[in-house]
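Written below as structure tokens is the structure these notes are about.
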Amino acid sequence: NTADEDDEEQRKRKREEPETEGSVEIPETSESVLEESKKTEESVDPQISQEPKAEDGSSQTTFHILGGFEEKTVQKVKRVLPQWLAQPDVIQRDIKNNLIPISEVPGICLTLLKKLEANGIQSFFPVQAEVIPAILESVSSGLLLGPGGYRPRDICVSAPTGSGKTLAFVIPVVQVLSKRVVCEVRVLAVLPTKELAQQVSKVFSTYTEGTSLKVVMITGQKSFAAEQTALSEIRGGVSHSLADIVVATPGRLVDHINKNSNFSLQHLRFLIIDEADRMIDGMHQSWLTQVTKAVYRNPGDTQTSVFRRILPGPITVASLSPPQIPLQKLLFSATLTQNPEKLQLLDLHQPRLFSSTHSGTETSTQSQEAFNFPQGLAEYYVPCTLSKKPLIILHFLLRLKFSPALCFTNSREAAHRLYLLVKLFGGVEVAEFSSKLNPSERQKTLKDFEQGKIPLLISTDAAARGIDINGVKCVINYDAPQYIRTYIHRVGRTARAGKAGSAFTFLLEVQEKCFLQMVRDAGSPGIQRHFVKPQALRSMETHYEQTLAELGKVVKETVDKGIVE
Ligand SMILES: Nc1ncnc2c1ncn2[C@@H]1O[C@H](COP(=O)(O)OP(=O)(O)OP(=O)(O)O)[C@@H](O)[C@H]1O
């Protein structure tokens with residue numbers, strides 16, 4: 001229909017207007033005005049010709065309208081992913097109904113089976129049942145070669161928060177290393193924070209206990225000299241490694257590579273990158289280049305060594321002989337990026353992906369990445385106003401007994417303010433967790449929270465990723481997270497290991513549309529509205545107002561004393 005076409009044409013013209021500051025927006029004009037401007041377009045300066053005219057023909061305004069906030073139709077582009085990303089090995093998301101008895105997973109030695117049982121593990125979760133045999137298979141020809149004499153494929157795992165990814169790499173790696181003769185660093189696990197490194201190091205220690213394997217953590221928690229002493233010793237004038245498995249944060253790792261001449265990665269067989277998407281992010285990138293350099297750094301006398309390592313290139317007869325220790329990368333994340341450009345930074349070798357999302361299928365037209373949500377998670381959003389947020393938290397804790405609850409804010413200041421307010425209000429034990437605390441305070445706070453001494457922990461995103469706190473019933477996003485990955489990791493602190501849990505996100509009216517769209521686009525199975533009636537808060541209001549006034553005084557006093565800025 002012609003009228004529709006004209007409309008469409010008008011809209012198109014509007015969309016194509018330059019968005020520069022000097023441009024003039026053409027208002028929704030009548031056809032005659034549009035025709036008028038069309039006629040003059042060829043002969044007159046376009047800037048002048050686009051100036052809007054009122055019906056009497058006079059210029060409507062001389063102001064330039066800034067912005068360009070009008071709605072634009074963005075052309076949908078069908079995603080085309082590399083085959084390995086588009087067709088992953090599928091991992092079941094439902095843990096409870098897909099438990100596999102540990103004895104049914106092939107290749108695991110008796111000693112480890114016994115240890116698993118001793119640690120209360122009777123069955124493997126789906127991610128473990130898939131990934132453990134795959135890693136074991138890649139070392140089936142020994143540490144020096146992959147299957148068929150070729151370099152083994154790198155392995156990427158994208159599975160929900162709390163799905164048991166840690167054991168999926170700890171078990172096979174410990175099993176492979178248990179046959180080693182000489183102590184050298186064969187496994188390097190890199191994690192973004194000290195807490196996570198500690199958590200993973202603890203699991204490695206549990207499963208290496210009673211063997212000669214040594215696990216060393218380098219995160220800066222101890223002095224550099226103490227870490228050096230733990231990593232190697234000089235015997236007979238020669239440096240000997242004291243670590244088989246090193247668990248590190250990127251900053252401290254780079255320090256040891258550059259400043260500790262006795263720290264050698266020349267025998268490294270597995271590079272484990274946990275929270276891989278976070279580790280690919282900008283600030284962490286250079287650590288990988290440094291690791292690669294350290295792995296292929298040849299001391300002068302190794303030209304004749306059997307273990308001479310050269311950077312992998314095209315396969316030739318010469319490159320296959322003598323065989324080298326291949327470096328295999330194992331990537332784990334609940335929100336592994338599907339952006340091939342980002343993944344390329346990791347220089348993966350014929351990667352094999354294990355994933356519980358199907359967003360990468362060829363039929364998918366979604367431009368946004370979809371992620372994994374734990375099966376037992378119930379998601380809610382709570383419509384609220386800024387002033388009612390603290391009251392709703394108190395209502396959740398005091399009336400609805402939503403505890404233990406982990407509550408996230410978007411800044412350290414917001415966490416501290418909310419902590420003070422809840423503490424002054426009384427009736428519930430509360431603690432805060434942020435980078436403001438030193439590592440031992442952080443550790444103690446997490447321990448107290450886990451042991452049930454603190455029913456409410458108010459945290460920044462410092463506790464959003466990877467932290468495995470047993471028994472968190474409820475996650476509260478006091479401030480809505482800006483990014484979908486942050487949301488997934490925060491809510492993933494509950495509903496772990498096949499258990500149930502709830503996540504509540506407080507949303508101001510202006511945030512609702514965008515946030516809900518973001519969550520749905522990411523593949524959330526469904527987020528429901530949880531409305532708190534104003535009457536439910538009324539009885540707490542007077543005491544709350546008094547607490548606010550008191551808080552004002554406390555904050556003023558601390559500022560006056562120069563305790564906080
Ligand atoms: N087979 C199993 N049986 C029972 N519990 C298990 C099993 N595997 C792992 N767990 C427990 O499940 C919890 C979550 O495991 P883990 O921390 O490895 O999850 P994750 O996938 O790494 O989560 P995130 O993505 O949040 O880091 C841990 O407390 C762990 O001890």
Side-chain angles (χ1 to χ4, degrees), residues 91-105 108 112-113 115-133 156-174 189-193 195-207 247 272-279 330-337 354-357 371-377 406 408 446-447 449-450 459 461-472 475 485-501 503:
I91 296 169
Q92 295 300 327
R93 204 166 62 93
D94 179 356
I95 295 179
K96 271 207 237 153
N97 294 313
N98 291 289
L99 291 170
I100 292 130
I102 51 172
S103 54
E104 284 181 23
V105 172
I108 301 172
L112 275 175
L113 287 177
K115 252 184 207 158
L116 282 162
E117 272 176 2
N119 284 291
I121 309 273
Q122 314 280 328
S123 307
F124 278 129
F125 291 170
V127 67
Q128 297 157 353
E130 291 288 334
V131 174
I132 295 172
C156 302
V157 179
S158 179
T161 48
S163 61
K165 294 185 286 295
T166 314
L167 274 188
F169 61 79
V170 167
I171 296 298
V173 154
V174 169
V190 191
L191 294 108
T193 65
E195 279 78 22
L196 291 184
Q198 201 160 17
Q199 203 172 278
V200 166
S201 177
K202 208 169 146 195
V203 182
F204 268 123
S205 299
T206 304
Y207 289 94
V247 184
I272 298 163
I273 310 179
D274 202 357
E275 304 295 343
D277 58 306
R278 174 90 171 78
M279 300 299 297
L330 311 176
L331 269 67
F332 294 82
S333 177
T335 50
L336 191 69
T337 180
F354 293 84
S355 173
S356 37
T357 42
F371 295 108
N372 313 281
F373 287 74
Q375 183 92 354
L377 178 70
L406 180 56
F408 288 102
L446 287 182
K447 203 169 165 199
F449 181 59
E450 190 160 18
S459 175
D461 283 320
R465 251 185 202 263
I467 300 270
D468 184 48
I469 313 168
N470 204 4
V472 177
V475 166
R485 282 190 164 77
T486 315
Y487 176 74
I488 292 172
H489 287 284
R490 281 184 182 182
V491 298
R493 296 317 99 208
T494 186
R496 297 177 72 73
K499 296 194 190 111

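Here the structure is a predicted model, which is why all the values come from computation and not from measurement. Atoms within a ligand are numbered from 1 in the order they appear, just like the ligands themselves.
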Any nitrogen or oxygen of Ile121 lying under 3.5 Å from a nitrogen or oxygen in ligand 1? Just yes or no. no
For atom 1 (N) of ligand 1, tell me which residue out of Ser123, Gly164, Pro374 has the closest non-hydrogen atom. Ser123
Qualifying residues under ring-ring contact (aromatic ring centres under 6.0 Å, His included), relative to Tyr487, sequence neighbours excluded: Phe515
Counting non-hydrogen protein atoms only, what is the nearest one to atom 29 (O) of ligand 1? Give residue, atom name and distance. Asp468 OD2, 2.5 Å
Taking atom 24 (P) of ligand 1 as the point of reference, which of Gly162, Ser163, Ala334, Gly498 owns the nearest heavy atom? Gly162
Mind checking whether Phe124 and Glu104 have side chains closer than 4.5 Å, heavy atoms only? no
Ligand 1 contact by Arg465, heavy-atom criterion under 4.0 angstrom: no
Option among Asp468, Ile171, Val203, Leu196 that satisfies the side chain to side chain contact (heavy atoms under 4.5 Å, CB included) test with Thr166: Val203
Leu330 pairs by side chain to side chain contact (heavy atoms under 4.5 Å, CB included) with which of Val173, Val157, Asp274? Val173
Is there at least one pair of N or O atoms, one from Lys165 and one from ligand 1, spaced under 3.5 Å apart? yes
Atom 27 (O) of ligand 1: the protein heavy-atom neighbour that sits closest, reported with distance to 0.1 Å: Gly466 CA, 3.4 Å
Which residue owns the protein heavy atom closest to atom 22 (O) of ligand 1, what's the atom, and how far is it? Thr166 OG1, 3.5 Å
The test is side-chain hydrogen bond (donor to acceptor under 3.5 Å, both in side chains); show your working for Asp277 and Thr337 and say whether it passes. CA-CA 6 Å; Asp277 58 306; Thr337 180; over 6 Å; no
Any Lys/Arg nitrogen of Arg485 or Asp461 sitting under 4.0 Å from an Asp/Glu carboxylate oxygen of the other? no
Protein residue, atom and distance nearest to atom 11 (C) of ligand 1, heavy-atom basis: Ala497 CB, 4.1 Å
Candidate with minimal heavy-atom separation from atom 17 (O) of ligand 1, of Arg496, Lys499, Arg493: Arg496
Which option wins on minimum heavy-atom distance to atom 8 (N) of ligand 1: Gln128, His489, Glu275? Gln128
Can you tell me which residue and heavy atom of the protein come closest to atom 10 (N) of ligand 1, and the distance to 0.1 Å? Phe125 CE1, 3.6 Å
Give the numbers and elements of all ligand 1 atoms closer than 4.0 Å to a heavy atom of Pro160. 21 (O)
Is there side-chain contact between Ile100 and Phe125, with at least one heavy-atom pair below 4.5 Å? no
If every non-hydrogen atom of Leu406 is compared with every non-hydrogen atom of Ser459, which pair is closest and at what distance? CD1-CB, 4.2 Å
Worked check of side-chain hydrogen bond (donor to acceptor under 3.5 Å, both in side chains) between His489 and Thr335: CA-CA 8 Å; His489 287 284; Thr335 50; 2.8 Å; yes
